[in-house]
**Q** 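Below you'll find the structure I mean.
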Amino acid sequence: MSEPGRAGTGGEGTARRVWTPELVLLAAYLFTMPIQIEVGDYRQIAPADAFIACYLAVRSTRLRHMSGAWTVWHTALVPLLGLGCLVAVVRTGELTSYALLQKYVGLIALLATGACFIDYMRDVERLRRILRLFVGAVLLHATLALGARLLNLAGGPVLPLMNDPWPTDRISGLVLDANAFGGLVALALVLHHVTAGTPSALLPGRWAVAGYAVLPATLLLTFSRSSWIGLTCGLAALLLVRPALGGRTLVRGALPVVVLVPLVLLQVPDAAALVTRPSEISSRLVIGFEALHDYVESPVFGIGLGVYVAEYRIVVHNTALWFLSDLGLIGLAVFLALVVSVAVRLFSALPVASGELRPMVLALLCGHVVMAGVSLGIEAFYQRHWWLVFAAAGVATVLALRSSDARAAPRSATEVLVR
């Protein structure tokens with residue numbers, strides 16, 4: 001999926017200008033983002049973060065911020081989690097390494113990652129380039145994960161590392177979590193479908209055909225109900241905002257599923273049990289009730305950052321409930337305000353975006369809703385791909401407003417001359 005050369009210039013020269021050191025580092029981040037290495041209970045490290053550190057080193061003195069890309073709620077997260085750390089120390093007398101490293105430092109890392117992408121995505125073409133690389137990276141990982149699972153279904157060996165920890169049950173790629181991998185695939189699938197057939201298509205030509213087949217098949221075989229909920233939410237948002245496009249997308253997306261579901265039921269042992277997982281549903285309900293019980297104990301500030309995990313040795317499998325239990329009503333209000341504000345900004349940018357930018361704004365809006373839906377079933381706030389959506393959404397909103405102002409300026413000048 002190389003960038004085409006522009007008219008009047010040599011293709012090789014254009015490629016050299018496109019593939020700057022900054023883009024190489026961000027591309028390396030996107031292609032290694034779906035790789036996680038477990039280092040302890042509820043702790044993983046991502047090799048992709050090393051490329052962000054390199055980007056910051058390369059751009060440290062020249063990092064540019066795009067005014068308006070972050071909302072006030074993004075910046076409110078740092079003091080919010082700082083308050084959560086303080087509450088944890090006051091209530092328990094300690095701050096766990098999980099709370100400090102995974103949550104607080106992890107948030108700083110995500111904000112820094114977003115800042116790097118905002119620094120690079122200065123115009124519509126660069127925004128499209130990053131989104132295209134992201135969808136292409138997910139398609140590559142989905143192809144590898146699906147291929148490994150099909151090999152196993154055909155009686156072949158279980159490939160090391162691929163689809164751990166359930167290589168014979170659920171597809172999880174190299175992420176170590178089928179729900180997280182499913183959310184990643186669902187996001188890429190929506191971005192692909194919404195932009196397909198437009199000048200801003202993220203998977204052109206044969207890549208688009210591969211995306212139509214591989215991404216839904218992979219998503220289905222993750223057996224991730226959270227991801228299926230997220231995809232349903234994203235498609236519902238598309239139907240509400242653009243009914244005609246939503247209907248066509250629903251038909252295109254349903255066709256592979258109609259073909260695949262009977263095959264899955266026939267070929268995958270205990271497929272129905274993998275979908276229902278009644279014991280897991282019961283445990284999720286217990287976790288939710290425990291989180292609500294802890295919230296009642298400290299409704300305003302919560303029980304403190306990381307205290308729930310330290311007490312119950314399990315994470316809250318719902319992002320809003322995690323904010324509510326650990327950070328109280330204040331935390332939940334900030335989270336909901338952030339999610340709603342990003343959606344409202346993208347929706348407001350749709351009418352004023354340029355023709356090339358509009359499909360990407362719509363795709364990001366639906367992708368954001370996908371991740372909000374996924375967050376109903378897992379703790380999705382720290383998923384790196386959601387933060388990529390946050391950064392891209394901020395840039396797309398600013399670019400849409402700029403293009404609107406640029407179109408309005410000549411009209412205003414003409415009106416003054418007429419008067």
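All values reported here derive from a predicted model rather than from experimental measurement.
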**Q** Would you say that Leu127 contacts Leu357 through its side chain, given a criterion of any heavy-atom pair below 4.5 Å between the two side chains?
**A** yes

**Q** If every non-hydrogen atom of Cys233 is compared with every non-hydrogen atom of Gly373, which pair is closest and at what distance?
**A** SG-CA, 4.0 Å

**Q** Output yes when Asp326 and Lys103 qualify as a salt bridge under the 4.0 Å nitrogen-oxygen rule, no when they do not.
**A** no

**Q** Enter the distance from Thr195:OG1 to Met360:CE here, rounded to the nearest 0.5 Å.
**A** 9.0 Å

**Q** For His65 and Trp70, run side-chain hydrogen bond (donor to acceptor under 3.5 Å, both in side chains): C-alpha distance rounded to whole Å, both residues' side-chain angles, the deciding distance at 0.1 Å, then the answer.
**A** CA-CA 9 Å; His65 175 65; Trp70 287 137; 4.9 Å; no

**Q** Show, in sequence, the C-alpha distance, side-chain angles and deciding distance for Ile35 and Val175, and conclude whether the side chain to side chain contact (heavy atoms under 4.5 Å, CB included) test is met.
**A** CA-CA 5 Å; Ile35 301 174; Val175 179; over 6 Å; no

**Q** Looking at Trp322, is its backbone amide N or carbonyl O close enough to the side chain of Ser325 to form a donor-acceptor pair, meaning the two atoms are under 3.5 Å apart?
**A** yes

**Q** Are any of the side-chain heavy atoms of Leu238 and Leu365 separated by less than 4.5 Å?
**A** no

**Q** Taking C-beta and beyond as the side chain, do Arg170 and Ser224 meet within less than 4.5 Å on heavy atoms?
**A** yes

**Q** So, taking the atom named CZ in Arg129 and the one named CG in Leu202, what distance separates them when rounded to the nearest 0.5 Å?
**A** 13.0 Å

**Q** Could you pull out all residues at least two apart from Asp119 that satisfy salt bridge (Lys or Arg N to Asp or Glu O under 4.0 Å)?
**A** Arg59, Arg64

**Q** With no hydrogens and no angle check, is any side-chain donor or acceptor of Thr319 less than 3.5 Å from a backbone partner on Ala380?
**A** yes

**Q** Please give me the minimum heavy-atom distance between Leu388 and Ile130, naming the atom from each residue.
**A** CD1-CG2, 4.0 Å

**Q** Testing the 3.5 Å rule here: is there a donor-acceptor pair between the side chains of Ser172 and Asp177?
**A** no

**Q** Which atoms form the tightest heavy-atom contact between Arg122 and Arg402, and what is the distance?
**A** O-NH1, 4.5 Å

**Q** Could you pull out all donor-acceptor pairs under 3.5 Å where a side-chain atom in residues 333-341 meets a protein atom, sequence neighbours excluded?
**A**
unit_1: Ser341; atom_1: OG; unit_2: Ala337; atom_2: O; d: 2.9
unit_1: Ser341; atom_1: OG; unit_2: Leu338; atom_2: O; d: 2.9

**Q** Can you find a pair of side-chain heavy atoms, one from Thr222 and one from Asn179, that are under 4.5 Å apart?
**A** no

**Q** Please say whether more than 12 non-hydrogen atoms of neighbouring residues, nucleotides or ligands are located less than 6.0 Å from CZ in Arg206.
**A** no

**Q** Just do the side chain to side chain contact (heavy atoms under 4.5 Å, CB included) check on Cys85 and Tyr104 with the steps written out, would you?
**A** CA-CA 8 Å; Cys85 291; Tyr104 194 78; 4.2 Å; yes

**Q** Tell me whether the guanidinium CZ or amine NZ of Arg225 lies under 6.0 angstrom from the six-membered ring centre of Trp228 and within 45° of its axis.
**A** no

**Q** Could you walk me through whether Phe381 and Leu77 satisfy the side chain to side chain contact (heavy atoms under 4.5 Å, CB included) test, starting with their C-alpha distance in whole Å, then the side-chain angles of each, then the deciding distance to 0.1 Å, before giving a yes or no?
**A** CA-CA 11 Å; Phe381 192 66; Leu77 289 168; 3.5 Å; yes

**Q** Using a 6.0 Å distance limit plus a 45 degree cone around the ring axis, check whether Arg126 lies over the aromatic ring of Tyr120.
**A** yes

**Q** Do Val87 and Arg91 make a side-chain contact, defined as non-hydrogen atoms from C-beta onward lying under 4.5 Å apart?
**A** yes

**Q** How far apart are the closest heavy atoms of Leu215 and Ala142, and which atoms are they?
**A** CD2-CB, 4.1 Å

**Q** Answer yes or no: is there a side-chain heavy-atom contact under 4.5 Å between His141 and Val138?
**A** no

**Q** Working to the nearest 0.5 angstrom, can you tell me the gap between Asn152 CG and Leu159 CG?
**A** 8.5 Å

**Q** Calculate, to the nearest 0.5 Å, the distance between atoms CG and CG belonging to Leu30 and Leu140 respectively.
**A** 12.0 Å

**Q** Parallel, tilted or perpendicular: which one describes the rings of Phe390 and Trp387, with boundaries at 30° and 60°?
**A** perpendicular

**Q** How would you list all residue pairs meeting side-chain hydrogen bond (donor to acceptor under 3.5 Å, both in side chains) that involve residues 22-37, not counting sequence neighbours?
**A** Thr20-Glu22

**Q** Assign the ring pair Tyr212 / His193 to parallel, tilted or perpendicular, where the plane angle (0 to 90°) is split at 30° and 60°.
**A** tilted

**Q** How many angstroms lie between CG in Leu324 and CG in Asn318, if you round to the nearest 0.5 Å?
**A** 9.5 Å

**Q** Taking OH in Tyr382 as the centre, count heavy atoms belonging to other residues, nucleotides or ligands within less than 6.0 Å. Is the count above 12?
**A** yes

**Q** Ignoring hydrogens, what is the shortest heavy-atom contact between Ala392 and Leu131? Give both atom names and the distance.
**A** CB-CD2, 4.2 Å

**Q** Between Ile314 and Tyr308, is the side chain to side chain contact (heavy atoms under 4.5 Å, CB included) condition met? List the steps.
**A** CA-CA 8 Å; Ile314 196 169; Tyr308 186 95; 4.1 Å; yes

**Q** Is the shortest heavy-atom distance from the side chain of Glu356 to the side chain of Glu125 under 4.5 Å?
**A** yes

**Q** Report the distance from atom CG of Leu321 to atom CG of Leu332, rounding to the nearest 0.5 Å.
**A** 8.5 Å

**Q** Side-chain contact test, heavy atoms from C-beta onward, threshold under 4.5 Å: evaluate it for Asn163 versus Arg149 and give yes or no.
**A** yes

**Q** List the atom of Glu38, the atom of Leu176, and the distance in Å for their closest heavy-atom pair.
**A** N-CD1, 3.5 Å

